[in-house]
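Have a look at the structure below before the remarks.
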Amino acid sequence: MLKGKSLVNIDDVATDDIFEIFKLASEYKKKVSKGEVLSELNGKIMATLFFEPSTRTRLSFESAMHRLGGSVITVSEAKSSSASKGETIADTIRMASSYSDIVVMRHPMEGAARLASEFSSVPVLNGGDGSGQHPTQTILDLFTIWEKFGRIEGLNVSLVGDLKYGRTVHSLIKALSRFENAINLISPEILQMPEHVLSGIKNQQNIRKISNLEDVLNRSDVFYVTRIQKERFVDMNDYAKVIGSYSFDLATVSRMKESAIIMHPLPRVDEINPEVDSDKRALYFTQASNGVFVRMAIISMILGVR
Amino acid sequence: MLKGKSLVNIDDVATDDIFEIFKLASEYKKKVSKGEVLSELNGKIMATLFFEPSTRTRLSFESAMHRLGGSVITVSEAKSSSASKGETIADTIRMASSYSDIVVMRHPMEGAARLASEFSSVPVLNGGDGSGQHPTQTILDLFTIWEKFGRIEGLNVSLVGDLKYGRTVHSLIKALSRFENAINLISPEILQMPEHVLSGIKNQQNIRKISNLEDVLNRSDVFYVTRIQKERFVDMNDYAKVIGSYSFDLATVSRMKESAIIMHPLPRVDEINPEVDSDKRALYFTQASNGVFVRMAIISMILGVR
Amino acid sequence: MLKGKSLVNIDDVATDDIFEIFKLASEYKKKVSKGEVLSELNGKIMATLFFEPSTRTRLSFESAMHRLGGSVITVSEAKSSSASKGETIADTIRMASSYSDIVVMRHPMEGAARLASEFSSVPVLNGGDGSGQHPTQTILDLFTIWEKFGRIEGLNVSLVGDLKYGRTVHSLIKALSRFENAINLISPEILQMPEHVLSGIKNQQNIRKISNLEDVLNRSDVFYVTRIQKERFVDMNDYAKVIGSYSFDLATVSRMKESAIIMHPLPRVDEINPEVDSDKRALYFTQASNGVFVRMAIISMILGVR
């Protein structure tokens with residue numbers, strides 16, 4: 001039951017609720033693609049409160065709200081607003097929540113969403129809080145896998161690239177580990193999955209560090225690739241080497257299983273060559289558009305219309 | 001009759017209209033809290049044109065418009081827009097008004113709203129013009145008092161803090177002085193109510209300068225506290241002293257009447273300790289949320305649907 | 001047939017479609033002025049993606065979408081968004097188009113809109129791409145002439161001011177030259193219509209360079225005046241001289257035909273004296289407001305509801 005609740009951390013979402021979201025997201029996806037006009041959130045208002053810019057996340061939430069017939073009020077640069085007059089997060093969220101029925105908040109500081117949910121008079125959706133959580137991203141990642149394979153267990157999943165700073169893979173590995181999945185970690189030495197993430201995971205025996213992408217290329221069902229940020233490297237030669245060995249092109253893809261899928265939270269830079277885009281295994285654009293349907297499901301369940 | 005008119009200055013609003021607004025705001029408050037979907041402004045468009053940022057005011061107006069079923073187009077940083085190409089306020093407002101049915105304008109320059117209303121083809125709502133007016137704020141302040149006491153006369157009202165730069169108290173004292181109210185002015189020496197404001201008020205005999213908050217603490221019905229801006233002080237020691245004697249904590253509040261209320265236009269910084277928030281006399285968050293209902297009433301009366 | 005198509009370049013729009021747009025824009029203008037509530041785009045979403053600010057264009061498109069009952073998601077400063085993380089236009093437009101039913105894009109780079117239309121999954125409307133095209137502006141210019149004269153041929157049209165950098169006049173002269181119109185070019189030496197624009201025009205014999213505005217003042221039906229940007233001039237004395245001879249005041253206007261019209265894409269600075277505004281020949285504000293109705297027509301034809 002998500003009704004009336006805030007969504008701060010993927011760990012708080014029961015497995016049953018995740019599957020409930022999948023079903024409803026599927027239903028919405030069908031309806032939207034048929035051009036059906038939905039009106040279940042007529043009269044409802046979402047406030048999107050972004051203390052750091054994230055156009056992709058903001059637009060996806062706003063699109064979801066509009067698709068359901070709701071309205072949106074937006075602060076895309078919350079930093080330059082009341083906060084700059086010395087207002088606390090508590091007071092800012094009280095304001096936003098008194099003008100709306102649901103608040104989406106993005107904040108550079110880990111824990112900000114939890115704090116906000118304690119002072120808000122309406123449910124808060126965490127749209128990413130620093131190195132913390134981004135639960136709707138995790139659910140849309142899982143949905144994309146589920147939609148393709150019909151399940152989110154019994155799969156061989158490779159997480160590739162920046163596993164150290166990539167917030168999405170931290171949540172995803174925890175969520176996938178609720179089920180029986182073989183998980184491969186493939187990253188440059190300096191960008192490995194942090195111990196504090198790994199130590200919180202049960203079913204450790206299913207997780208393996210792989211030094212060479214080639215070793216799992218023809219075995220994995222899912223390749224979840226993350227953006228490797230240039231600014232993490234002091235030496236640009238190191239960056240060039242890393243990008244060389246962790247990027248996907250058609251040659252790489254041709255050695256994968258026919259049924260495999262490639263995912264990426266986007267934006268991508270050099271990790272996936274655009275020549276891959278037209279391969280049927282390239283699922284990252286579908287994944288992004290799934291975000292709208294998954295968020296529609298979450299919003300309508302929380303607002304209690306479904 | 002507000003129909004078709006601009007709202008630039010609280011002094012232009014007849015007392016009858018103020019009570020009309022109260023009644024309609026009350027009605028909307030009940031309807032929204034019951035989750036009723038209103039559609040009286042379907043098809044209507046509000047343009048919010050903010051030449052200086054004011055997230056709180058903007059979101060409150062936009063929320064009001066959406067609650068009534070209307071749409072919103074927004075320029076949250078009008079400074080960086082056409083104005084920067086040398087366009088006059090007159091031409092900018094002509095543009096905005098030709099795209100909408102009602103315009104909300106915020107501008108750093110006193111008199112800007114009056115000017116705009118002369119060139120606009122649709123009604124203009126003044127969302128604050130420099131040290132000038134912010135009439136919807138005044139009406140929501142009055143509404144909050146009226147909702148609590150059932151009247152806006154025969155009350156003992158203390159205005160506390162920065163009475164010099166605090167635009168809201170300038171309008172509020174004028175509005176309260178239309179009726180028989182005892183008004184106490186309590187501020188540090190350097191932040192006193194300006195003479196030009198006082199001289200414009202009738203019923204001067206009801207206004208008293210009070211040097212010590214303690215003197216009225218157990219007698220006032222309304223404490224209207226304003227933000228004391230650090231940047232007004234050259235010497236931070238002065239600021240510390242002032243904040244010390246003009247801030248509210250639970251000890252202060254415990255000496256008030258049970259029926260008293262504490263108001264604040266928000267954002268607050270150090271003037272009211274968060275420990276006060278849960279006291280039933282703390283009405284500033286209610287006051288903020290009332291802004292939406294009061295603005296709903298004003299918009300629908302001006303657009304002639306009510 | 002505009003249904004399902006992108007609108008990148010005015011040259012791609014068939015003459016029949018232009019007249020179709022005129023008729024529908026006229027119909028919408030009547031309906032909106034009567035206060036009719038339209039709902040043909042309920043459930044549809046427009047994404048406005050502005051890589052450079054253009055408040056006027058953005059608000060006009062957004063107003064059009066709202067008047068039709070649709071919703072809008074906005075990136076008013078796309079530069080500071082994903083693009084800054086190194087994302088290509090192709091990927092950014094894929095994102096925006098996966099969240100919406102139609103995308104309006106403004107970009108400082110010529111050709112950006114064409115590129116975007118190739119990667120978008122929904123129709124793209126070019127809201128201006130650098131020194132390139134701004135087709136909806138051209139259509140609203142033509143519509144304003146058509147509405148006034150009942151035709152867009154057999155007219156004497158003077159293009160006045162900055163004909164070198166003024167993108168709107170480049171498209172307008174091409175569009176007007178599809179029909180038999182006498183076209184006068186009146187500009188300072190350094191701001192003449194570029195050869196590359198002229199060479200692409202058929203019916204060259206109908207185009208004449210005029211050195212003196214006075215020569216056509218009592219003969220032209222349409223004066224299309226453009227903004228002369230101070231920053232184009234090295235020497236401010238040159239600017240002053242130019243503005244002196246190319247600006248319109250009441251004395252200028254009094255020598256025009258009674259039936260003539262003055263147009264301007266706005267914002268204007270010193271080219272047209274505000275004293276002209278109340279003359280019935282001043283049509284630039286009507287022209288601006290026509291933008292909404294023309295865009296309503298274009299959007300609904302492209303989205304296939306009309």
Side-chain angles (χ1 to χ4, degrees), chain A residues 31-42 46 48 50 52-72 74 76-77 80 227-231 264-272 274 277-278 282 284-293 295-296, chain C residues 3-4 37-51 53 58 62 65-66 68-105 115 118-122 300 303-305:
Chain A
K31 286 181 172 174
V32 169
S33 72
K34 276 190 283 182
E36 263 187 54
V37 179
L38 305 172
S39 55
E40 39 218 274
L41 291 188
N42 272 184
M46 165 187 282
T48 52
F50 276 61
E52 68 179 5
S54 174
T55 303
R56 194 173 292 275
T57 300
R58 180 171 65 79
L59 294 188
S60 176
F61 270 111
E62 296 183 359
S63 176
M65 190 65 183
H66 287 308
R67 287 285 187 219
L68 291 163
S71 301
V72 177
T74 299
S76 56
E77 306 269 0
S80 64
R227 189 160 60 97
I228 294 182
Q229 299 181 265
K230 252 192 198 140
E231 51 272 35
H264 192 296
L266 303 179
R268 58 151 166 203
V269 185
D270 299 315
E271 311 87 27
I272 303 178
D277 297 356
S278 51
Y284 29 92
F285 296 130
T286 300
Q287 176 189 359
S289 69
N290 280 341
V292 175
F293 311 116
R295 288 175 176 122
M296 287 173 76
Chain C
K3 188 173 169 178
V37 179
L38 305 172
S39 54
E40 39 219 274
L41 292 188
N42 272 183
K44 297 293 181 207
I45 299 175
M46 165 187 282
T48 52
L49 201 58
F50 277 60
F51 288 88
R58 181 172 64 79
E62 295 183 359
M65 190 65 184
H66 288 307
L68 292 163
S71 301
V72 177
I73 55 177
T74 300
V75 191
S76 56
E77 306 268 1
K79 237 181 205 163
S80 65
S81 80
S82 299
S84 67
K85 297 181 186 166
E87 191 172 52
T88 60
I89 289 184
D91 278 12
T92 302
I93 199 79
R94 277 185 181 114
M95 165 193 71
S97 65
S98 81
Y99 299 161
S100 62
D101 302 293
I102 192 164
V103 172
V104 177
M105 190 174 93
L115 184 72
E118 284 160 15
F119 289 98
S120 177
S121 56
V122 303
S300 65
L303 289 182
V305 296

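In what follows, chains carry the letters A, B, and so on, assigned in the order in which the sequence lines appear, proteins first and then strands, with residues in each chain numbered from 1. Note that this is a predicted model, so its numbers are computed, not measured.
Between atom CE of residue C:M95 and atom OG of residue A:S60 there is a gap of 10.0 Å, rounded to the nearest 0.5 Å. Remark: A:L266 CG to C:R94 CZ distance equals 9.5 Å, nearest 0.5 Å.
C:Y99 and A:S63 make their closest contact through O-OG, 2.8 Å (heavy atoms, listed as atom of the first residue, atom of the second, distance). Smallest separation of non-hydrogen atoms from C:S100 and A:R67: C-NH2, 3.8 Å.
Shown here are the salt bridge (Lys or Arg N to Asp or Glu O under 4.0 Å) partners of A:K230, two or more places apart in sequence or in another chain: there are none.
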Name every donor-acceptor pair, under 3.5 Å, that has one atom in a side chain of residues 37-45 of chain C and the other anywhere in the protein, sequence neighbours excluded.
from  : atom 1 : to    : atom 2 : distance (Å)
C:E40 : OE1    : C:Y28 : OH     : 2.7
C:N42 : ND2    : C:G69 : O      : 3.0

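Contacts of C:T74 with chain A are made by backbone atoms alone, with heavy-atom separations under 4.5 Å and no side-chain atom involved. With a threshold of 4.5 angstrom between heavy atoms, A:D270 does not approach chain C through any atom at all.
Put simply, the side chain of A:R58 never gets that close to the backbone of C:V75: no donor and acceptor are under 3.5 Å apart.
In this structure, C:D91 does not pair ionically with A:R56, as no charged nitrogen and carboxylate oxygen lie closer than 4.0 Å.
Chain C forms more heavy-atom pairs under 4.5 Å with one residue of A:H66, A:E36, A:Q229, A:E62 than with any other, namely A:H66.
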